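Chain naming here is simple, since letters A, B, ... match the order of the sequence lines and numbering starts at 1 in each. Only this structure's heavy atoms are used, side chains among them; waters, hydrogens and symmetry mates stay out. Note that the coordinates shown come from a computational prediction; the quantities given were computed from them, not determined experimentally.
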Protein chains: 2
Amino acid sequence: MPSLEKSDLQKIVGARIQKLREERGFTQVDLAGKIEGVFDTTNVSRLESGRTNPTLYNLHRIAEALEISLSELLDISEE
Amino acid sequence: MPSLEKSDLQKIVGARIQKLREERGFTQVDLAGKIEGVFDTTNVSRLESGRTNPTLYNLHRIAEALEISLSELLDISEE
DNA sequence: TCCAAACTTGGCATATTTGACAAGTCAAGG
DNA sequence: CCTTGACTTGTCAAATATGCCAAGTTTGGA
C-alpha cells in the first residue's frame with residue numbers, strides 16, 4: 001500500500017461508486033434522488049470521475065442510497 | 001441504521017479515531033506527525049471531537065498513520 | 001501547589017467542496 | 001435528421017475544511 005496519491009484515491013472510490021450504481025441499474029439522476037436530502041447530479045458525475053475529494057457525510061449518504069455500509073463502500077483493498 | 005445526522009456521524013468517526021490513536025499510545029501531535037504530508041494538530045483535535053466533516057483523502061491518510069485500512073477505520077457498525 | 005505536556009478553542013486566510021444552472025457531448029431510436 | 005435521456009463540463013456563489021497562530025484549559029506527575 002504505497003501511499004496512494006489523492007487523485008488516484010478519488011478515482012478508485014469514484015469508480016467503485018459508479019460500479020455499484022450501475023449494478024443496481026441506477027442512473028446518476030436516480031442515485032442523486034435516492035440520497036437523503038439534497039444532492040446534485042453534477043456532483044455525482046464529479047465524484048464518479050474522481051474530480052473531487054468527497055466528504056465523510058456525503059460518502060455516508062451515498063452508501064445509504066446504494067444500500068451498503070460505509071465500510072464496504074470504501075473497501076478498496078483489491079484495486 | 002436510521003439515517004445518521006451529519007454531526008452524529010462526525011462524532012462517531014471522531015471517537016473512533018481517538019480510540020485507535022490512544023490504543024497505539026500516540027498523542028495528537030504524534031498522530032499528526034505520522035500522517036503523510038502536512039497535517040495540523042488543530043485539525044486532529046477538531047476531527048476527533050466531531051467538529052468537522054473530514055474528506056476522503058484525509059481519512060485515508062489518518063488510516064495509514066494508524067496502520068489500518070480505510071474500510072476498517074470507517075467500520076462503525078457496532079455504534 | 002506548581003509545572004509541563006496534551007488538548008481545546010477562537011480567529012483568520014486560503015483552498016476546495018458543493019449546489020445550482022447552462023451548455024455541450026454522445027448514443028440509441030424513430 | 002431529430003429527439004430524448006444520460007452524462008460531462010464550465011462558471012458562479014456559498015459553505016466549510018484546512019493550515020496556521022495564539023491563548024486558554026485540562027491533566028498528570030513531581
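Within 3.5 Å, no donor on the side chain of A:Thr41 pairs with an acceptor on the base of D:dC7, nor the reverse.
A:Asp30 has its CG atom 13 Å from the C1' atom of D:dC7, to the nearest Å. Rounded to whole angstrom, the span from the CD atom of A:Gln18 across to the P atom of D:dC7 amounts to 8 Å. Atom CG in A:Asp40 sits about 13 Å away from atom C1' in D:dT8, given to the nearest Å. Straight-line distance from the CG atom of B:Leu47 to the P atom of D:dA17: 9 Å, rounded to whole Å. Going from atom CG of B:Asn58 over to atom C1' of D:dA17 covers 8 Å, rounded to whole Å.
At D:dT9, one or more side-chain N or O atoms of A:Arg51 fall inside 4.0 Å of OP1 or OP2 (strictly under the cut-off). Close to D:dG19, at under 4.0 Å from its OP1 or OP2, lies a side-chain N or O of B:Asn43.
By the 6.0 Å contact criterion, CD on B:Glu67 is open, its count of non-hydrogen atoms from other residues, nucleotides or ligands being 12 or less.
A salt bridge links A:Arg21 with A:Glu48: the distance from a Lys NZ or Arg NE/NH1/NH2 to an Asp or Glu carboxylate oxygen falls below 4.0 Å.
A:Gln10 and A:Ser7 are not linked by any side-chain donor-acceptor pair at a separation below 3.5 angstrom, with hydrogens and angles left out of the test. Between B:Asn58 and B:Arg61, the side chains place a donor N or O and an acceptor N or O closer than 3.5 Å (distance only, hydrogens not considered).
One finds the CD1 atom of B:Ile62 at 5.0 Å from the CG atom of B:Leu47 (value rounded to the nearest 0.5 Å). Taking OG from B:Ser45 and CD from B:Gln18, the interatomic distance works out to 9.0 Å, rounded to the nearest 0.5 Å.
Comparing B:Gln10 and A:Val29 by the nucleotide of DNA chain D that holds the closest heavy atom to each, the one mapping nearer the 5' end is A:Val29.
Heavy atoms of A:Leu56 sit nowhere under 4.0 angstrom from any nucleic acid atom. Within the nucleic acid shown, A:Thr42 comes within 4.0 Å of at least one base atom, counting heavy atoms only. Counting any heavy atom pair closer than 4.0 Å across all strands shown, B:Val38 reaches sugar-phosphate atoms only and no base atom.
Minimum heavy-atom separation, A:Leu59 to A:Pro54: CD2-CG, 3.7 Å.
The outermost nucleotides of DNA chain C lying under 4.0 Å from heavy atoms of chain B, listed 5' to 3', are C:dA6 to C:dG11.
When distances run from any side-chain atom of A:Ser45 to the nucleotides D:dT9, D:dT18, D:dG19, the shortest one goes to D:dT9.
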